[in-house]
Amino acid sequence: MWAVALDKVGATMSLEPVQINGGPALLIRLNGEIDGVAAVRVENGLVTGLYYVRNPEKLSRVARETAMSR
């Protein structure tokens, strides 16, 4: 996991590599709370999609799934 200080907004951001729907993604936390997930779709070795999800309803499922995979 990587952590970055965001002095101007008074926050700490951390990035954790995870798998979402079988593909690579980053779990992004601000001050320890999940802010979003950046997911990448890869087809034939090429990035064909980049998605950032912040919907709290969808992220609540990510939090449970991430905790169970550790």
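Atom CD1 of Ile34 sits about 8.5 Å away from atom CD of Glu16, to the nearest 0.5 Å. Considering CD1 of Ile28 and OG of Ser14, their distance stands at 9.0 Å, rounded to 0.5 Å. The structure places OG1 of Thr12 at 9.0 Å from CG of Leu30, a figure rounded to the nearest 0.5 Å.
The heavy-atom pair separating Val37 from Leu27 by the smallest distance is CG2-CD1, 3.8 Å. Annotation for Gly36 and Tyr52: closest pair CA-OH, 3.7 Å, computed over non-hydrogen atoms. The heavy-atom pair separating Ala39 from Ala25 by the smallest distance is CA-CB, 3.8 Å.
For residues 45-56, the pairs satisfying salt bridge (charged side-chain N to carboxylate O under 4.0 Å, His left out) are Asp35-Arg54, with sequence neighbours left out. Screening residues 18-27 for salt bridge (charged side-chain N to carboxylate O under 4.0 Å, His left out), with sequence neighbours left out, gives no hits.
At a threshold of 4.5 Å between non-hydrogen side-chain atoms, the residues Arg29 and Met13 do not count as touching.
Under a 4.5 Å side-chain heavy-atom criterion applied to ILVMFWY residues, the cluster that includes Leu50 comprises Val40, Val42, Val47 as well.
With sequence neighbours excluded, the residues satisfying side-chain hydrogen bond (donor to acceptor under 3.5 Å, both in side chains) with Glu43 are Thr48.
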